[in-house]
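Written out below as structure tokens is the structure these notes cover.
Within every chain, numbering begins at 1; the chains are lettered A, B, ... in the order of the sequence lines, protein sequences first and strands thereafter.
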Number of protein chains: 2
Amino acid sequence: MNSKALPRRSKLSDVAKAAGVSPATVSRVLNHPDIVRPDLQAKVRRAIAELGYAPDAMARALSLGRSNTIGAIIPTLGMTIFANGTVALQKRLREYNYTLLIANAEYDPERELEEIKVLLERGVDGLVLVGDRMSAEALALARQYQVPLVTTYVSESQFSVPAIGIDNAEAMHQVLQMLLDLGHREFGVITVYPAHNDRQQARRQGVFAAFEAADIPLAAHRIAEVPYSVAHGRTAFKRLITADPAITAVICSSDAFAIGALAECKYLGLSVPRDISITGYDDVDISMHTDPPLTTVNVPAAVIGRLAADHLVATLNGRPPPLTTKLPAQIIVRGSTAAPRSARKS
Amino acid sequence: MNSKALPRRSKLSDVAKAAGVSPATVSRVLNHPDIVRPDLQAKVRRAIAELGYAPDAMARALSLGRSNTIGAIIPTLGMTIFANGTVALQKRLREYNYTLLIANAEYDPERELEEIKVLLERGVDGLVLVGDRMSAEALALARQYQVPLVTTYVSESQFSVPAIGIDNAEAMHQVLQMLLDLGHREFGVITVYPAHNDRQQARRQGVFAAFEAADIPLAAHRIAEVPYSVAHGRTAFKRLITADPAITAVICSSDAFAIGALAECKYLGLSVPRDISITGYDDVDISMHTDPPLTTVNVPAAVIGRLAADHLVATLNGRPPPLTTKLPAQIIVRGSTAAPRSARKS
DNA sequence: TTGTAGGCGTTATCAC
DNA sequence: GTGATAACGCCTACAA
């Protein structure tokens with residue numbers, strides 16, 4: 001196949017020839033330097049440098065049966081939280097000498113399965129998923145390939161897949177409790193349209209569970225479920241507040257919604273937090289610079305990413321860590337929440 | 001628990017055995033279906049389905065000498081503009097039956113080179129870079145591996161690497177011209193601290209060139225160069241406006257800076273655009289929801305991603321496209337710019 | 001300690 | 001049209 005005589009990429013045997021040793025020795029210099037004589041080693045390394053040799057990772061993987069590669073399927077790259085988590089994941093994997101392959105599913109389960117398939121065929125040694133809604137088919141595939149899995153950003157998964165994440169429900173409970181403590185009783189909720197998004201789903205269920213526990217009724221018209229975007233958050237807020245002006249606090253399942261709500265408040269002439277309190281979820285970097293700064297929930301994405309790397313590598317080394325790791329979520333109280341007017345008046 | 005031994009991942013020869021044909025035939029069914037008898041084909045496909053066979057991409061790549069894989073090195077995943085471009089790139093590559101491997105360099109040239117190396121060793125068929133500052137070493141590597149390159153988000157590159165992007169300088173020129181037309185004469189500029197970021201560098205040089213062309217002096221104390229972040233934009237703005245209250249318009253080389261500036265305006269009690277005009281660059285999704293909505297420059301990231309895919313695939317098929325593609329940048333005029341007070345008064 | 005040889009799973013080049 | 005066979009580049013028993 002190599003019909004052309006262009007400066008061919010040099011391979012291990014070329015190095016061997018140049019150094020006057022056997023291919024096996026070169027391989028050993030690369031993989032088990034401790035068992036080869038120093039002088040030979042020097043010769044080999046010189047030859048490697050001169051030829052600019054770099055091993056063919058695919059051939060290596062084929063021979064070894066593993067690729068030192070981990071795949072991650074991210075729902076979207078457009079969210080800083082996933083971006084941060086992915087960065088941390090990659091950084092840590094690099095420390096373990098693993099390479100991260102990132103695939104993007106665009107919140108489409110079909111594409112997610114497709115990406116998993118591709119990653120598996122490409123020989124990843126492990127897979128990082130996001131959320132709880134993995135398809136049975138994906139699990140079957142992973143089992144067939146005997147590839148360890150870990151899912152992130154949720155603290156429990158249906159199919160007993162190891163999970164690393166925060167307890168969304170608990171976080172939502174804290175948010176509600178804080179608002180209750182401030183004196184709020186009339187709430188609105190903006191969550192994402194549930195399709196294919198279980199983290200948001202968990203947050204949503206978390207709010208409802210929290211409301212139930214607190215014995216606060218939550219009428220249907222006080223719930224808005226819309227696609228994820230600032231613009232949708234804005235229109236949802238308008239709908240909510242128009243339908244029921246009695247609402248004094250709006251809980252959003254993401255900062256994007258909250259930022260949209262803030263924008264609409266400004267437009268409607270509502271003062272935050274004087275007329276209404278608003279909470280977000282994610283603590284994206286602009287949230288501290290909104291007007292007013294947003295009260296929100298911080299998700300330790302970097303920690304999650306790092307732990308996911310630790311988990312997978314440990315598993316691959318035969319030291320399986322605990323099945324689930326639940327991280328504490330932290331409420332960041334800023335300027336978008338305060339006691340409701342009624343409470344202040346009385 | 002493990003009552004049943006895990007079924008070994010079946011390979012091509014297993015399928016062959018099950019179907020009662022030779023491995024070669026199975027391979028042909030997969031790659032050249034048109035030259036194998038229909039009945040045999042049916043038998044083979046059935047066996048494939050029954051065994052749940054999936055080809056080993058690495059073995060395939062080793063044999064073929066190419067992997068149908070493209071690598072992209074992104075400076076950071078935390079910017080929506082790159083996220084969008086990457087998504088578009090991946091989508092288009094998928095149409096061509098290529099897989100995208102994403103690596104993240106965190107704006108660190110050393111890590112960038114490292115990632116390029118890893119990607120190359122893993123056998124990518126092509127590489128997508130971002131910006132103009134590729135290291136000579138990276139280029140040498142790519143040449144050695146004989147892997148085509150394309151760089152994005154800049155419209156020209158120093159080393160005659162094919163480039164697909166917008167003309168940052170021209171865009172900045174347009175921004176300045178628009179402000180001049182509104183009557184502004186006293187400008188401030190916030191750009192990123194130049195290290196390792198040539199796109200911002202191009203924008204920066206673009207402003208200065210534009211100022212020169214317009215014969216407007218720009219004193220040193222009216223220029224702030226800070227690391228990329230909303231917070232730095234905010235402090236930079238404060239420094240600028242404190243040092244020289246005569247400034248009527250501040251040009252920011254990114255929306256992040258502009259959003260920070262907006263926040264500081266609010267804090268200082270400055271009204272935008274009445275007291276001061278502010279422009280951004282990127283048109284991130286929140287920019288239309290700031291108060292006031294931000295006048296900014298839209299970078300067609302999705303188009304860039306798509307074209308990068310087209311370019312690489314065409315090159316790999318022996319049809320090299322034009323060396324550089326220059327896309328028009330579009331100024332999005334929103335509420336953060338208006339005529340300066342002085343102009344209105346007179 | 002170093003070299004030889006066989007195999008990892010797939011594809012392409014030959015004969016048949 | 002189909003089946004053996006030799007690569008592809010590397011690693012690791014095993015032998016020396």
Side-chain angles (χ1 to χ4, degrees), chain A residues 1-4 8-45 47-48 51-69 120-125 144-146, chain B residues 8-45 47-48 51-69 120-125 144-146:
Chain A
M1 297 234 284
N2 271 336
S3 49
K4 268 197 179 173
R8 195 178 89 271
R9 179 179 168 193
S10 51
K11 45 194 195 186
L12 189 139
S13 64
D14 296 330
V15 176
K17 222 166 293 172
V21 299
S22 81
T25 299
V26 178
S27 172
R28 280 191 278 258
V29 169
L30 257 26
N31 302 301
H32 313 284
D34 39 320
I35 64 164
V36 39
R37 245 177 21 212
D39 56 324
L40 275 195
Q41 217 172 118
K43 271 207 286 193
V44 169
R45 292 201 188 285
I48 288 180
L51 294 181
Y53 167 76
D56 182 322
M58 284 179 307
R60 188 168 202 278
L62 180 58
S63 174
L64 243 35
R66 69 190 156 75
S67 62
N68 266 40
T69 284
L120 251 15
E121 287 178 12
R122 287 199 68 73
V124 295
D125 296 336
Q144 184 180 343
Y145 280 79
Q146 313 208 31
Chain B
R8 191 178 92 277
R9 178 178 170 193
S10 50
K11 45 195 193 185
L12 189 137
S13 65
D14 296 331
V15 176
K17 222 167 292 173
V21 299
S22 82
T25 298
V26 179
S27 173
R28 279 191 279 257
V29 168
L30 257 26
N31 302 301
H32 314 283
D34 38 322
I35 65 164
V36 40
R37 246 177 20 212
D39 56 325
L40 275 195
Q41 217 171 120
K43 269 206 288 192
V44 169
R45 293 203 186 284
I48 288 179
L51 294 181
Y53 166 77
D56 181 322
M58 284 179 307
R60 188 167 204 277
L62 180 58
S63 176
L64 243 33
R66 67 189 157 75
S67 63
N68 266 39
T69 285
L120 250 15
E121 287 177 14
R122 276 199 72 71
V124 296
D125 296 337
Q144 183 179 342
Y145 280 78
Q146 312 209 30

Hey, does [X] reach any base, or is it just sugar-phosphate, or nothing, if we go heavy atoms under 4.0 Å?
X: Pro55(A); answer: sugar-phosphate
X: Leu62(A); answer: base
X: Leu64(A); answer: sugar-phosphate

message: Could you go through Lys11(A) and Asp56(A), starting from their C-alpha distance and side-chain angles, then the distance that decides it, and tell me whether this counts as side-chain contact (heavy atoms from CB on, under 4.5 Å)?
response: CA-CA 8 Å; Lys11(A) 45 194 195 186; Asp56(A) 182 322; over 6 Å; no
Spacing of [X] atom [atom1] relative to [N] atom [atom2], expressed in whole Å:
X: Asn68(B); N: dT10(C); atom1: CG; atom2: P; result: 16 Å
X: Arg66(B); N: dA7(D); atom1: CZ; atom2: P; result: 21 Å
X: Leu12(A); N: dT12(D); atom1: CG; atom2: C1'; result: 13 Å
X: Met58(A); N: dT11(C); atom1: CE; atom2: C1'; result: 14 Å
X: Leu40(B); N: dT2(D); atom1: CG; atom2: P; result: 4 Å
X: Arg122(B); N: dC8(D); atom1: CZ; atom2: P; result: 21 Å
X: Glu121(B); N: dG9(D); atom1: CD; atom2: P; result: 15 Å
X: Ile35(B); N: dT2(D); atom1: CD1; atom2: P; result: 9 Å

Flag side-chain contact, heavy atom, 4.5 Å: Lys17(B) against Ser10(B): no
field: Arg122(B) versus Thr69(B), side-chain donor and acceptor atoms under 3.5 Å
entry: no
task: Determine, step by step, whether Arg60(B) and Asn31(B) satisfy the side-chain contact (heavy atoms from CB on, under 4.5 Å) criterion, reporting the C-alpha distance in whole Å, the side-chain angles of both residues, the deciding distance to 0.1 Å, and the verdict.
output: CA-CA 11 Å; Arg60(B) 188 167 204 277; Asn31(B) 302 301; 2.5 Å; yes
task: Please report the C-alpha distance between Gln41(A) and Val44(A) in whole Å, then the side-chain angles of each, then the deciding distance to 0.1 Å, and finally whether the side-chain contact (heavy atoms from CB on, under 4.5 Å) criterion is met.
output: CA-CA 5 Å; Gln41(A) 217 172 118; Val44(A) 169; 5.8 Å; no
statement: Comparing Asp39(B) with Ala59(B), nearest DNA chain D nucleotide closer to 5' gives the residue Asp39(B)
field: Leu30(A)/Ile48(A) under side-chain contact (heavy atoms from CB on, under 4.5 Å): CA gap, chis, key distance, verdict
entry: CA-CA 10 Å; Leu30(A) 257 26; Ile48(A) 288 180; 3.6 Å; yes
- prompt: Looking at Ser63(B), does any N or O in its side chain come under 4.0 Å of the phosphate oxygens OP1/OP2 on dC8(D)?
  reply: no
field: DNA chain D contacts among residues 24-31 of chain A, heavy-atom distance under 4.0 Å
entry: Ala24(A), Ser27(A), Asn31(A)
message: Nearest 0.5 angstrom please: Arg9(A) CZ to Gln144(B) CD, how far?
response: 8.0 Å
Counting only side-chain heavy atoms from C-beta out, which of [options] sits nearest to [X]?
X: Val21(A); options: dG9(D), dG3(D), dG3(C); result: dG3(C)
X: Arg37(A); options: dA4(D), dT2(C), dT11(C); result: dT2(C)
X: His32(A); options: dG3(D), dC10(D), dT12(D); result: dT12(D)

